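Inspection log for the structure reproduced underneath, given as structure tokens.
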Protein chains: 2
Amino acid sequence: MTPRRTVQQELTKEMIMDAARDLFSEKGYQHVSMRQIAKELGYSHGALYYHFKNKAELFYALVENHFSMLNTVLDQIMKKEMEPGEKLKEIFIGFIKFGLTYQSHYEIMFLIKDEEVRNFINEEPNHTYEKFAKSVYSLCGKNVSIQDVWFIFLSLHGFVTHYCRHVVGFEEVKGLAEAHANFLLRAIH
Amino acid sequence: MTPRRTVQQELTKEMIMDAARDLFSEKGYQHVSMRQIAKELGYSHGALYYHFKNKAELFYALVENHFSMLNTVLDQIMKKEMEPGEKLKEIFIGFIKFGLTYQSHYEIMFLIKDEEVRNFINEEPNHTYEKFAKSVYSLCGKNVSIQDVWFIFLSLHGFVTHYCRHVVGFEEVKGLAEAHANFLLRAIH
DNA sequence: AATGTATTTAACCAGTGGTCAATAAAGGGA
DNA sequence: TCCCTTTATTGACCACTGGTTAAATACATT
């Protein structure tokens, strides 16, 4: 039998999650097998089941992680001392920046299609959206309806989704992102 | 062996494509098997291979079809006699309706990440976007920049993408789609 | 009857998620 | 140093799915 690896090279949850994150966001949940993840890491697929009960649990671990990251981004911006209009713009751009900086995360959070997985992730997107919506709503005053906030979200979602697909980093579309934010601001004033 | 069917009931390319279209747009390419399509039609799965070389060929036959469908949708609306503002709204809603009615094809047209497939579909998305952009631009007068048209597209794209992921048909979000169209109209006026 | 065409059936093959006994390495006493 | 326990890893294995193919069969037409 192949000799066991030394301690330094031992498989960790983190190693698995890193590999899985890349594969999942590149190919989608369905198109990634536990065997592929293991191969990417240079381990046998059985080893993964020592660290995660099953494929879904591994996936879920990733998701939780990423949602709390985005929540933090939003919280940070809301804490800043600045004019509401500017802050609103920061929120918009912050969302885009997050999506394009952590593309693979974003895909998993908002772009995964698989129903089986979706049932799993139910609450987090809602919770994060709530945070987004409350922030936007409170910064807009009464110029804006609940529905408009949703449309703003969908619009940002469209922006991120498109440029995710074309594998572009945030810096490359920073200017466009600002223009898009302004476009949305115009829609509500 | 099960007795063979009479001539009137013989399987045709059209019958297969009709069944496949429904299934693909309901469940997505990956989640539909040749066996399922055959079962839906009441034939054995082997029979499909008499009419189509393989699953991909069957699928591409549908895709070609749907690009020209979207173009036709846009052309039809442009031909109508109506006020520019109303027409613009129709364009927006027409796009959404198309996207949510033929979800799996929309995915291929605008959402697919797979490079292999993308090389196959190179020109059509650009061509279709050109048609969309020209239509919108001409209906807006000078209130709108080229960039704004792009943002409108991204916004519609976000709407469709989101509801594609949540496997909802157009009828279920018809009202929302109209509100979204109005939202975009407000952004450019 | 003969022929060509459409269809069914069974089988093949590659791949999947998941389980598990066997086993090797590491670490801690004594 | 040896022994023992814990931990990590492996690879064989199961039951299953799905695309594809080839042989066998039924039908319609001639």
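Residue numbering restarts at 1 for every chain, and letters A, B, ... go by the order of the sequence lines. From a predicted model like this one, the values you see are computed outputs, not experimental measurements.
- If you measure from atom NE2 of H31(B) to atom C1' of dG18(D), you get 13 Å, rounded to the nearest angstrom.
- Under 4.0 angstrom from either OP1 or OP2 of dT20(D) there lies at least one side-chain N or O belonging to Y49(B).
- Put simply, H51(B) has a side-chain N or O that comes within less than 4.0 Å of OP1 or OP2 on dT7(C).
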Taking only distance into account, with no hydrogens and no angle test, what donor-acceptor pairs under 3.5 Å do side-chain atoms of residues 73-84 of chain B form with protein atoms, sequence neighbours excluded?
residue : atom : partner : partner atom : Å
D75(B)  : OD1  : K131(B) : NZ           : 3.0
D75(B)  : OD2  : K131(B) : NZ           : 3.4
K80(B)  : NZ   : E90(B)  : OE1          : 2.9

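- Of the candidate nucleotides dG19(D), dT7(D), dT7(C), dG19(D) has the atom nearest to the side chain of M34(B).
- Across the protein-nucleic acid pair, F59(A) atom CZ and dG17(C) atom P stand 13 Å apart, rounded to whole Å.
- Around NZ of K89(B), the count of heavy atoms belonging to other residues, nucleotides or ligands within 6.0 Å exceeds 12.
- Between the side chain of T128(B) and the backbone N or O of E124(B), at least one donor-acceptor pair lies under 3.5 Å.
- With hydrogens and angles ignored, a donor-acceptor pair under 3.5 angstrom links the side chain of R35(A) to the base of dG17(C).
- A donor-acceptor contact under 3.5 Å is not formed by the side chain of H45(A) with the base of dT10(D).
- Residue N54(B) contributes atom CG, which lies 13 Å from atom C1' of dG18(D) at whole-angstrom precision.
- Rounded to an integer number of Å, the gap from Y43(A) OH to dT10(D) P is 7 Å.
- Using a 4.5 Å heavy-atom cutoff, the side chains of H105(B) and F59(B) are in contact.
- Contact annotation: Q36(B) does not reach the phosphate of dT17(D) (side-chain N/O to OP1 or OP2, under 4.0 Å).
- Checking dT9(C), dT9(D), dT21(D) against the side-chain heavy atoms of S44(A) singles out dT9(D) as nearest.
- Residue Q30(B) is classed as having no contact, given no heavy-atom separation below 4.0 Å to the nucleic acid.
- Listed nucleotides dT9(D), dT7(C), dG17(C) differ in distance to K55(A); the shortest reach to its side chain belongs to dG17(C).
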